[in-house]
Amino acid sequence: LQWRQVPRAENIEHLKLRLQAGPPTLLLFTEPSEPLPEEPKPVEMPFHHCHRDPLPQQGLTPERLHARRQLYAACAVCFVFMAGEVVGGYLAHSLAIMTDAAHLLADVGSMMGSLFSLWLSTRPATRTMTFGWHRSETLGALASVVSLWMVTGILLYLAFIRLLHSDYHIEGGAMLLTASIAVCANLLMAFVLHQAGPPHSHGSRGAEYAPLEEGPGEPLPLGNTSVRAAFVHVLGDLLQSLGVLAASILIYFKPQYKAADPISTFLFSICALGSTAPTLRDVLRILMEGTPRSVGFEPVRDTLLSVPGVRATHELHLWALTLTYHVASAHLAIDSTADPEAVLAEASSRLYSRFGFSSCTLQVEQYQPEMAQCLRCREPPQA
């Protein structure tokens, strides 16, 4: 004799058919067990603290996709005309033309490095790289500037040697043709890499702070750092190409003034170095964890103090991973009667909307009178 425990809702006729071929079976009908609890459904978090963007965008942002297309096009143009300048400079025996070709070679290398840094910046954050790989873009811009300075230093040395020794000959016609093509190439690359800035100075290039209108705050579209570095790089090359063109015209009509070739190399290489100074300054500011140029310490502090319930702020830190990725962290000392969650939500909302921060980390704690004398709670001095 066998017995089975079956639910009452099971089909009895079906059980009879199954038991006909087997031994007698005692069927014990029981009440159905309690239903299993339903799995919790995902809940969409409201605008609050770090849940302001619950679904981060995968891959490159539209701004960076546009930057990648710009760099691809400029790199292709740069490589083609660099090869032409190498041939033209060799045929013309012109150091100035070879100098311009070397600068184009540095452009190709820096753009390829920028493309690599753009790809690297799409990798997700890890426990080791908690912010992700955004700063690779800044490192790519630094490599671009350093490579230009190294190549320019070598060419300045060669130009100085030519000024000391005049035993060289220049083909004026080949130099003029090559220099004209080089100017057209640099104009084309400058057009490809040009980034239109915003009509008002809220961006990283503005020196003054101006609050944005109230509303959902997003990072300001100020242009990609690598594209900006490449654009400045090309402007320096364009200036040098114009100088080489002027020298080639002079040498073509007055061959006895062949010293214009090393002189133009010397003068316009210095201008190319000076054109990279703003980019180098911004890169060093980012790498040194400096406050973003478009965000002031005092306006951020005053915004936090204006939140109802906030008595004091300390440990306020402002820095940037890139020119457009700004980060803030601070401690907020609040009244004992204030709602910490409400204060946190309001303070985060104001920082996002008024300053366009990409990430804000705020710690709320109860205000104590001793904080006024605490050395760690004091504001940092002016630089």
Side-chain angles (χ1 to χ4, degrees), residues 69-112 114 144-145 147-149 151-156 158-159 162 168-196 227-255 257-279:
R69 289 192 294 268
Q70 288 179 301
L71 289 174
Y72 273 136
C75 190
V77 172
C78 187
F79 181 81
V80 171
F81 284 97
M82 177 198 69
E85 278 199 321
V86 170
V87 175
Y90 176 78
L91 296 177
H93 308 289
S94 170
L95 179 61
I97 296 295
M98 298 300 288
T99 300
D100 204 33
H103 281 168
L104 289 180
L105 176 61
D107 287 342
V108 171
S110 64
M111 290 178 193
M112 292 180 65
S114 298
S144 172
V145 173
S147 65
L148 176 60
W149 283 35
V151 172
T152 302
I154 296 174
L155 295 172
L156 284 175
L158 296 177
R162 276 205 169 185
Y168 59 92
H169 173 71
I170 297 178
E171 295 291 339
M175 182 180 178
L176 178 60
L177 177 61
T178 307
S180 301
I181 296 176
V183 171
C184 296
N186 282 286
L187 286 173
L188 180 58
M189 285 191 295
F191 175 77
V192 170
L193 294 172
H194 176 67
Q195 299 184 104
V227 175
R228 180 188 173 191
F231 178 69
V232 173
H233 207 149
V234 169
L235 286 183
D237 287 349
L238 176 60
L239 184 61
Q240 177 177 326
S241 297
L242 291 173
V244 173
L245 179 61
S248 64
I249 294 175
L250 179 62
I251 294 174
Y252 179 78
F253 292 102
K254 300 288 184 178
Y257 293 131
K258 62 181 182 179
D261 179 74
I263 290 176
S264 63
T265 301
F266 187 79
L267 294 178
F268 292 100
S269 292
I270 296 178
C271 293
L273 292 178
S275 66
T276 61
T279 301

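Residue numbers run from 1 in the order of the sequence given.
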Value rounded to 0.5 Å, distance of [atom1] in [X] from [atom2] in [Y]:
| X | Y | atom1 | atom2 | answer |
| --- | --- | --- | --- | --- |
| L91 | L177 | CG | CG | 10.0 Å |
| C75 | M82 | SG | CE | 9.0 Å |
| F81 | L188 | CZ | CG | 6.5 Å |
| I170 | S248 | CD1 | OG | 10.0 Å |
| S241 | I181 | OG | CD1 | 11.5 Å |

Side-chain touch L245/S180, heavy atoms, less than 4.5 angstrom
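A side-chain contact under 4.5 Å exists here.
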Any side-chain heavy-atom pair from M189 and L238 closer than 4.5 angstrom?
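Side chain of M189 against side chain of L238, heavy atoms only: no contact under 4.5 Å found.
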At their closest point, which heavy atom of [X] faces which heavy atom of [Y], and how far apart are they?
| X | Y | result |
| --- | --- | --- |
| R162 | D261 | NH1-OD2, 2.9 Å |
| F266 | L156 | O-CD2, 3.5 Å |
| V77 | A185 | CG1-O, 4.3 Å |
| A73 | V192 | CB-CG1, 3.8 Å |
| Y257 | I251 | O-CG1, 3.7 Å |

Backbone of M175 reached by a side-chain donor or acceptor of T178 within 3.5 Å
no
